[in-house]
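Just so we're on the same page: letters track the sequence lines, and every chain starts at 1. Note that the structure is a prediction, hence the values are computed from the model and not measured. Atoms considered below: every heavy atom in the structure, side chains included; atoms not considered: hydrogens, waters and symmetry mates.
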Amino acid sequence: MDNLNQYSQGWEQFVQRGTSAPVKQRCQANARERDRTQNSVNMAFNALRLLIPTEPPDRKLSKIEVLRLAGSYITHLDNQLYTGDMEQPCLKHNDFDHKNTPLCTFCWSSVKKEKSTATRTHEYYQVPY
DNA sequence: TAGGCCATCTGGTCCT
DNA sequence: AGGACCAGATGGCCTA
């Protein structure tokens with residue numbers, strides 16, 4: 001991977017040294033793709049990551065966690081609006097239609113705070129929805 | 001050491 | 001034709 005990194009970092013000089021047109025085009029495409037993933041995709045992930053509450057607050061979510069939890073969080077907020085309950089809206093909402101539905105991640109967080117069980121942070125993200 | 005996560009490269013497809 | 005977007009492949013880093 002070191003060779004690859006050196007190549008990536010120095011591709012401009014590599015191209016300037018008189019390489020063939022297809023190689024030059026490929027290097028330019030690589031650079032564009034690198035720039036797109038860094039400045040477009042990753043920045044979007046970071047922006048979304050900032051909107052999702054975590055336990056502990058400084059925990060960095062992986063990309064797949066960001067996607068999954070974003071969906072859960074939207075549902076949670078939607079249920080807050082629907083039920084008016086700011087603590088466990090999903091539990092209350094589920095009481096209306098889906099019995100025995102597991103507690104949502106974010107409702108579970110408020111349960112945790114009530115019980116002050118600070119040692120169970122690992123389980124926090126195991127909740128299925 | 002295995003598995004998860006990530007960055008990067010690459011080729012294909014679609015759009016302008 | 002060239003650029004944007006996407007998905008698959010690959011290899012490095014980190015952690016349990």
Would you mind reading off the distance between A:N46 atom CG and B:dC6 atom P, rounded to a whole angstrom?
10 Å
Between P on C:dG3 and CG on A:N39, what's the gap in Å once rounded to a whole number?
17 Å
Residue A:N30, side-chain heavy atoms: nucleotide from C:dA4, B:dC6, B:dC9 that is nearest
B:dC9
Please report the distance, rounded to the nearest Å, between NZ in A:K60 and C1' in C:dC13.
13 Å
Is any side-chain nitrogen or oxygen of A:K63 closer than 4.0 Å to OP1 or OP2 of B:dA7?
yes
Sorted by chain and residue number, the side-chain contact (heavy atoms from CB on, under 4.5 Å) partners of A:L81 (sequence neighbours excluded) come out as none
Expressed in angstrom and rounded to an integer, what is the separation of A:R36 atom CZ from B:dA7 atom P?
13 Å
How close or far is atom P of C:dG3 from atom CZ of A:R34, stated in whole angstroms?
15 Å
For a quick check, with a 4.0 angstrom heavy-atom cut-off, what is the B/S/- contact string for nucleotides 11-16 of chain B, read 5' to 3'?
B-----
At under 4.0 Å, does any side-chain N or O of A:Q28 touch on OP1 or OP2 of C:dG2?
no
Could you tell me whether the side chains of A:R34 and A:N30 share a donor-acceptor contact shorter than 3.5 Å?
no
Which residues share a side-chain hydrogen bond (donor to acceptor under 3.5 Å, both in side chains) with A:E33, sequence neighbours left out
A:R36
Can you list everything that forms a ring-ring contact (aromatic ring centres under 6.0 Å, His included) with A:Y73? Sequence neighbours excluded, please.
A:F106
With sequence neighbours excluded, what pairs up with A:A44 under the side-chain contact (heavy atoms from CB on, under 4.5 Å) test?
none
Counterpart residues, salt bridge (Lys or Arg N to Asp or Glu O under 4.0 Å), relative to A:D78 (two or more places apart):
none
In this structure, how many angstroms lie between the C1' atom of B:dA7 and the CD1 atom of A:I64, rounded?
17 Å
Ion pair check, A:R59 and A:E65, cut-off under 4.0 Å:
yes
Between A:D35 (CG) and B:dA7 (P), how many Å, whole number?
14 Å
Send over the distance from A:R32 CZ to C:dC6 P, rounded to a whole Å.
15 Å
